[in-house]
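What follows is a short report on a single structure.
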Amino acid sequence: MARIAFILLCHKDPEAIIAQANRLTAVGDYMAIHFDARASAAHYRMIRTALQDNPNVTFAKRRIKCGWGEWSLVQATLNAVQSAVEAFPRATHFYMLSGDCMAIKSAEYAHSFLDSADADYIESFDYFESDWIKTGIKEERLTYRHFFNERTHKRLFYAAFNLQRKLGLKRAIPQDIQVQIGSQWWCLRRRTIEQILQFTRKRPDVMRFFRTTWIPDETFFQTLVRHLIPKNEIRSRTLTFLMFSDYGMPVTFYNDHYDLLLSQDFLFARKISPGAIDLKERLGDLYAAEGVRFQISNEGRSLYKFLAGRGRIGRRFASRFWETESTLGRERELLIVICKKWHVAKRLLHRIRQVTNMPAIEYLFNEESTYLPDLGGIQSSLGKRTRHRRALMRMLFDYYDTDRLIVCMDPGNLDLLQDFCGDRSTTRLLEVECQFSDDYLVGHAKRVGLAGDQTPPDTLARLLPTIRNDMTFESDQIRDQGFENYQRIREADPVEENTGKLAQFLAISSDKAHEIASTDYLYAD
């Protein structure tokens, strides 16, 4: 059976560290602690004294003064790992933790999970090919030597960096090493850890290289594991659930996140708020519990993204000049069907094509799979379509050799509607208002990743009003814009009423509009 040696890097809150160590070792697991040498000596003595009689706890033999982004974090980890290897010969896995982490599964579940596959769990993506680094320097983290901390000595950091660049002191990456990048929160098997420690003794050249890279805790272990371990024995993921806001800040969990955390496909989570006393107590009791069943729905990140985006009105970035200065053409008409039930809009477009023979394209800004002709690559991804929306639309008008084109959009595409309605061409909008049953909303939540098949009913019950209100909010936003040439038909309205609005929207006869509006299967789920 798996026995875990936790590698705990910490620098504050001694009471929480003591509680965490006792909690995780009470079921037979182990812990090696590195307490930052910059931190309070009195706090370190408190931890040593409180845990001195716990045979399943050891300490790094040498403490390091740690700094974010520095090699010191890797060295501190290696020191704690070495102590754990020596002190706990029965440990089968080594799991990186911080003082802000807590278990979100029982030890019984965690051990069974690790026993189910002979594998290492560590994020490791190709450093140069992946988009793991979102901002800041990338290649320069490796190819220049970094002797100062960018956070604490910013001027020295960039002065040294710019001097090396000016003098052409760029260095080569060790030839047999393919640098990888990923989260520092990993879980590795004992034989993998032993190979890494052996590698550190045999390859001083690689050690010298990483010592002067920037943020090596995101590259060192990730690279060595890929270098030493067969690919089929690596799961490129972390077992610690963590999220970041779109400002790059870690998301903190509070007392009301208990059910959400337990439903995620992870063993631990960070960061737990120091003030989330109830959450800490419940998670603390959970690790020693037996016979607990977990329903894994894994919607946490999607749900956070959805909820965090509520109430953000307006556009974060201005339009690009080539978009605002271009036009679809004064003589052209763009007709946009807006509907949250995509299948309803698609049926409507199908009937419009049948009756009017007008070129019609479905959710081209929402679905990658929407059929589009080859337009030289501009149609190849949703990102390109959105960035170059006016250019794309002009090319579609030209391709179909028409001055009238109809497309579908989701009500959430307010920025696109604003842009097209601001064009010199004529833009007509038809919003299709549908009724949403609870069953439909549940299905919608699952389709967009806000819920899964195992999401508990009480979680869904709390989520559905938010989704329903969000759909109403999107529709209200569109009406509040006061767009010209806006029409709205409703599922609940009589066919005759919808006929008149369709005739005006499409500029067709009432007979043809009635033929479309009276389609009996139009709104069926």
Side-chain angles (χ1 to χ4, degrees), residues 5-18 20-21 24 31-48 51 57-85 87 94-102 122-123 136-137 141-142 145-157 160-161 181-188 193 196-197 200 206-224 238 240 242 244 248-250 252 268 270-272 274:
F6 294 104
I7 309 301
L8 179 64
L9 265 58
C10 48
H11 63 281
K12 61 180 180 180
D13 203 352
E15 293 88 354
I17 293 168
I18 293 166
Q20 188 180 38
L24 295 179
M31 179 174 287
I33 299 173
H34 179 278
F35 194 73
D36 194 338
R38 295 183 191 273
S40 166
H43 286 172
Y44 183 58
R45 287 195 297 271
M46 182 192 304
I47 297 169
R48 293 290 303 238
L51 298 174
V57 174
T58 191
F59 292 83
K61 293 180 180 177
R62 180 170 171 242
R63 294 168 62 205
I64 302 292
K65 292 182 179 180
C66 296
W68 186 91
E70 298 177 6
W71 170 256
S72 55
L73 285 174
V74 177
Q75 189 61 61
T77 304
L78 288 171
N79 291 352
V81 165
Q82 183 65 57
S83 296
V85 168
F94 294 75
Y95 196 122
M96 268 290 294
L97 288 178
S98 75
D100 297 321
C101 296
M102 287 200 70
I122 182 169
E123 280 189 351
I137 60 175
R141 286 193 192 184
L142 308 177
R145 296 168 178 83
H146 301 280
F147 303 102
F148 303 100
N149 190 300
E150 193 265 350
R151 288 192 170 183
T152 58
H153 298 89
K154 187 180 291 288
R155 292 180 63 183
L156 289 174
F157 178 92
F161 169 56
I181 191 167
S183 167
Q184 71 181 103
W185 310 110
W186 41 255
C187 178
L188 304 177
I193 287 291
I196 289 173
L197 293 176
T200 63
V206 175
M207 300 299 287
R208 284 194 300 270
F209 170 77
F210 277 106
R211 280 192 183 100
T212 51
T213 59
W214 180 236
I215 320 182
D217 55 310
E218 294 179 351
T219 55
F220 179 76
F221 290 98
Q222 296 78 359
T223 300
L224 265 59
T238 176
T240 299
L242 65 162
F244 291 91
M249 300 300 293
T252 301
F268 281 75
R270 75 179 302 267
K271 292 183 164 186
I272 307 298

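Note that the numbering runs from 1 along the sequence shown for the chain. None of these values were measured; they are calculated from a predicted model.
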What closest approach, in Å, do [X] and [Y] show between heavy atoms, and which atom pair accounts for it?
X	Y	value
Arg151	Asn149	N-OD1, 2.7 Å
His11	Ala39	O-CB, 3.3 Å
Ser98	Arg270	OG-NE, 3.2 Å
Ala60	His34	CB-CD2, 3.9 Å
Ala21	Leu51	CB-CD1, 3.7 Å

Taking only residues two or more places apart in sequence or in another chain, which ones pass side chain to side chain contact (heavy atoms under 4.5 Å, CB included) with [X]?
X	result
Ser40	Ala42, His43
Ser72	Ile64, Cys66, Glu70
Ala41	Arg45
Ala16	Asp13

Please report the interatomic distance [atom1]([X]) to [atom2]([Y]), rounded to the nearest 0.5 Å.
X	Y	atom1	atom2	result
Asp36	Arg63	CG	CZ	7.5 Å
Leu156	His146	CG	NE2	14.0 Å
Ile7	Ile193	CD1	CD1	7.0 Å
Thr240	Trp185	OG1	CH2	7.5 Å
Leu9	Asp100	CG	CG	12.0 Å
Leu224	Ile196	CG	CD1	5.5 Å

Item to check | Partner residues of Phe6 under the ring-ring contact (aromatic ring centres under 6.0 Å, His included) criterion, sequence neighbours left out | outcome: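 Partners of Phe6 by the ring-ring contact (aromatic ring centres under 6.0 Å, His included) criterion, ordered by chain and then number, come out as Tyr95, Phe268.
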Item to check | For Phe161, ring-ring contact (aromatic ring centres under 6.0 Å, His included) partners two or more places apart | outcome: Tyr144
Does a side-chain heavy-atom distance below 4.5 Å link [X] with [Y]?
X	Y	value
Leu24	Leu97	yes
Met96	Gln184	yes
Ile18	Met46	yes
Pro250	Leu242	no

Exercise answer: donor-acceptor pairs, residues 206-214 side-chain atoms, under 3.5 Å, sequence neighbours excluded:
residue : atom : partner : partner atom : Å
Thr212  : OG1  : Arg171  : NH1          : 2.8
Thr212  : OG1  : Arg171  : NH2          : 3.3
Thr213  : OG1  : Phe210  : O            : 2.8

[X]: what forms a salt bridge (charged side-chain N to carboxylate O under 4.0 Å, His left out) with it, not counting sequence neighbours?
X	result
Lys154	Glu150
Arg145	none
Arg141	Glu218
Lys12	none

Could you list the donor-acceptor pairs under 3.5 angstrom formed between side-chain atoms of residues 73-85 and any protein atom two or more places apart in sequence or on another chain?
residue : atom : partner : partner atom : Å
Gln75   : OE1  : Trp71   : NE1          : 3.3
Gln75   : NE2  : Asn79   : OD1          : 3.0
Thr77   : OG1  : Leu73   : O            : 2.8
Asn79   : ND2  : Arg62   : O            : 3.1
Gln82   : NE2  : Glu86   : OE2          : 2.9
Ser83   : OG   : Phe59   : O            : 3.2
Ser83   : OG   : Lys61   : N            : 3.3
Ser83   : OG   : Asn79   : O            : 3.2

Checklist entry - Do any N or O atoms from the side chain of Glu123 and from the backbone of Ile181 form a donor-acceptor pair under 3.5 angstrom? => result no
